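Below is one structure, written out as structure tokens; the observations come after it.
Because the structure is a prediction, the values reported are computed rather than measured.
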Amino acid sequence: MQDETMEAAPPVTGQALRYKVAGMDCPSCVGKIETALHRLPGASGVGLNHHSQILRLTLDEATTPRATVEATIRGLGFGVEPADTIHISEGGGETFDPAARPEPRWWQTGRGRIAILIALLVGGGYLLSWLAPGVADHAPLPAALFGLAVFGRRAVRLARSGSPFSIEMLMSVATLGALAIGETEEAAVVVLLFAIGELLEGVAAGTARSGIRALSALVPRSALLIEGESARAVPVERLEVGQLVLVRPGDRVSADGVVEEGESDIDESPVTGESVPVAKAVGSPVFAGGINATGVLRVRVTRKASDNTIARIVQLVEEAQAAKSPTARWIERFSARYTPAVIAVSVLTVLVPPLAFGGDWHSWIYRGLALLLIGCPCALVLSTPAAIASGIAAGARRGLLIKGGAALEAIGKVRTIAFDKTGTLTLGQPRVTDIVPLDGNERTLLGLAATVENGSAHPLARAILERAAADGVPLRPAHDRKAVPGRAVQAVVGGRLIEVGSPRHAVERGGAGALPADTVAAFEEEGKTVAAVLADGRAIGLLALRDEPRPDAARGIAALRGLGVRSVMLTGDNRRTGQAVARTLGLAVEAELLPEDKMRAIAGLKGQGTVAMIGDGVNDGPALAAADVGIAMGGGTDVALETADAALLGNRVEGVAELVILSRATLANIHQNVAFALGLKAIFLVTTLFGVTDLWLAILADTGATIIVTLNALRLLRRNGGSLPASQPAA
């Protein structure tokens, strides 16, 4: 919290710029650009997302013009163009000027053109060597010199901007050294392989980014806007909240909204991962990108295109991919020491054998140069973020929204998963099944309870209000409404304090004989939730409600058991009801828990290993925050997207097991990548010291490993969630 004695910070003025940066293929590219921009006076808030390729910064143009920023980025070898400009006034208002541009083909990029030109020069050199053998030693020189000029100039600029140990610097020194000892052909092949490797890395990185771009492509470009009795096609960007759109059979839903007229089944799998089409009727929410199957729908728009569910998912996924996981941070710290260490070994390799043991200078300089090329940590640095990005994108395609690499890593290590009951393991749509007045009649009892619950968003409150509306029971005037968390809701109605709460609360208020214990016990044995209604502290009736388990809840718990993950239900409901639901689903239960009790239960479970908490993202906030990983069952709601570490957009309990499977697959992919990157370099370090590795093999040890690591990570995008494991029946 800011110290109250400190003066308020002056308002931010100037311009917050957004650029599209092309040519980035690994996180080290991000580091190079951010390091350079941080050195520019007047530049602040620099943030660059490797996956979305969007650069954000705030720039004081009176100190540094934006042309300098653009020239700095281009000087480092990257393309840059405005994405849009956000003008910030002292009042904080923002206006946007979009400037979208299509993605260029690989041969249209700067790296593509450089690779093509070097390849032509190398090919021309070999042709000249064949036609004129007398100049064979000098024929590859143009290719080597051109590559050295391109990459050497970039290396010098990187060094000046604070990145001296770049792959460009290592490659340039190796090329210059090869030319100095007369290995012209090797120098030309090195620059060619480096150029091709950079190009292929960019293509592979673009393939990884396509997973998220595919989500954006789910939303149609046009919508049928209803005006009077007719409909006309308009761009979806022009839709405003409150307008009506027509969705015909076979059409994709053009905007988030609510059905105003019609009935149909909508395939929402592109958004939520739910494979079964969902029935929609008047009042049902729909998501942009869903596919209408049967009927004609009129949908009232509730969100603009820039704020629909898919747009928010894309934004959150890109932010998650930009966040570094613990493994990625460790590897970055390791590589920061690894590269200088390899350079030191390379220098010692060049100097020690000739000076101390009379070794051949040519041979040991050659081996030292090869070590320089092997020393680049690109494949190692990319090994974790590439897998994390692919895992997050693969999850988003199935309605499993994971908000960061740390969460994705932690989910796979979970040993216990705690579930809330209402709205998580159950449908969250309870119905009033029994009304038992202890004083007065059923209508009076129901009317008082509904009056107190009016305005509450709790599922039990909605059930009571729906029953009152269905029975035609009017609501009375009330005031002084308030909630006692975990106990009751109360209001003053007709001069009396009316409370709707748990049987335990009623007993605390009126004593052991306040309620008919046998009636309460019978309802609870049937798996029903009992609400007691009190007037001035005296019980006047009981309401019994039942919420059915989700159809896939038992399968989801069984799948987790097959993965070796223990499941436990934490509920504020009574013990008998909790045990009845737990027996049906096959998991342990802790019942009659207040919010603070759930937090203590989570703390106890964390002593046995990593714990995840699954809740509805609203009343389970404290427990979600207390767990190592909080997962919201949200169905695409704002709360689910903004609160927990992950969200199950399709409200499927089986999605929890799919999250665990995806996380473990991602962790395995990371381990494979790290082992391959380090193992390959270790092999080439040894073979180089023994004189087996050529310079062109050394450069392949870097670029080849980077490409293989990226392609291995892309395998995660082809996952369909994995098959859920079989499990033994619950005890």
Donor-acceptor contact below 3.5 Å, side chain R39 vs main chain R160: yes
Nearest atoms (heavy-atom pairs only) where K413 meets T610: O-CB, 3.5 Å
For residues 131-146, run the donor-acceptor check on the side chains, cut-off 3.5 Å, and write out each pair with its distance to 0.1 Å, sequence neighbours left out.
none

Flag side-chain contact, heavy atom, 4.5 Å: I388 against T666: yes
T693 side chain reached by L685 side chain, heavy atoms, under 4.5 Å: no
Nearest atoms (heavy-atom pairs only) where L348 meets P353: O-CD, 3.5 Å
Check: Y366 side chain, G177 main-chain N or O, donor-acceptor pair, under 3.5 Å: no
Spatial distance of atom CE (M613) from atom CD1 (I631) [nearest 0.5 Å]: 10.5 Å
Rounded distance [0.5 Å steps], CG in L369 versus CG in D694: 12.5 Å
Residue pair T687, F684: steps toward the side chain to side chain contact (heavy atoms under 4.5 Å, CB included) verdict: CA-CA 5 Å; T687 57; F684 274 87; 4.2 Å; yes
Side-chain touch F194/I196, heavy atoms, less than 4.5 angstrom: no
From CZ (R367) to OG (S346), nearest 0.5 Å: 12.5 Å
Heavy-atom donor-acceptor pair, N669 side chain to L716 backbone, under 3.5 Å: no
Non-hydrogen atoms of A115 and L192 that approach each other most closely: O-CD1, 4.3 Å
From L678 atom CG to I683 atom CD1, the distance as rounded to the nearest 0.5 Å: 11.0 Å
Nearest atoms (heavy-atom pairs only) where A43 meets L57: CB-CD1, 4.2 Å
E34 side-chain N/O to L48 backbone N/O, donor-acceptor pair under 3.5 Å: yes
Test log, rule side chain to side chain contact (heavy atoms under 4.5 Å, CB included), inputs R157 and R74: CA-CA 10 Å; R157 288 176 176 172; R74 290 193 182 99; over 6 Å; no
Derivation of the side chain to side chain contact (heavy atoms under 4.5 Å, CB included) call for R415 and V611: CA-CA 6 Å; R415 290 296 171 262; V611 176; over 6 Å; no
Side-chain heavy-atom pair V190, M171 within 4.5 angstrom cut-off: yes
Distance-minimising heavy-atom pair for A195 and F151: CB-CZ, 4.0 Å
Atom CD of E183: over 12 foreign heavy atoms under 6.0 Å: yes
Polar side-chain atom of R56 near backbone of R18 as donor-acceptor pair, under 3.5 Å: no
Gap separating the CG atom of D628 from the CD1 atom of I411, nearest 0.5 angstrom: 11.0 Å
Point-to-point distance, once rounded to the nearest 0.5 Å, from CG of L40 to NE2 of H38: 10.5 Å
CA sep, side-chain torsions, deciding dist, call: F676, K681, side chain to side chain contact (heavy atoms under 4.5 Å, CB included): CA-CA 8 Å; F676 181 82; K681 288 187 180 296; over 6 Å; no
pair L148-R153: side-chain heavy atoms closer than 4.5 Å: no
Polar side-chain atom of S172 near backbone of M169 as donor-acceptor pair, under 3.5 Å: no
D360 (side chain) donor-acceptor with S363 (main chain) under 3.5 angstrom: yes
Whether S390 side chain and A713 backbone form a donor-acceptor pair below 3.5 Å: yes
Side-chain heavy-atom pair W364, V352 within 4.5 angstrom cut-off: no
Nearest atoms (heavy-atom pairs only) where A178 meets L695: CB-CD1, 3.7 Å
Beyond-backbone contact of N673 with T710, side-chain heavy atoms, under 4.5 angstrom: no
Backbone N/O of L659 and side chain of S663: donor-acceptor pair under 3.5 Å: no
Salt bridge (Lys or Arg N to Asp or Glu O under 4.0 Å) assessment of E168 paired with R154: CA-CA 7 Å; E168 289 84 356; R154 193 189 303 173; 3.5 Å; yes
Under 3.5 Å: donor-acceptor pair, side chain of D645, backbone of G630: yes
Any W361 side-chain heavy atom under 4.5 Å of L351 side chain: yes
Side chain to side chain donor-acceptor pair (under 3.5 Å) between S44 and T58, intermediate numbers included: CA-CA 5 Å; S44 61; T58 302; 4.6 Å; no
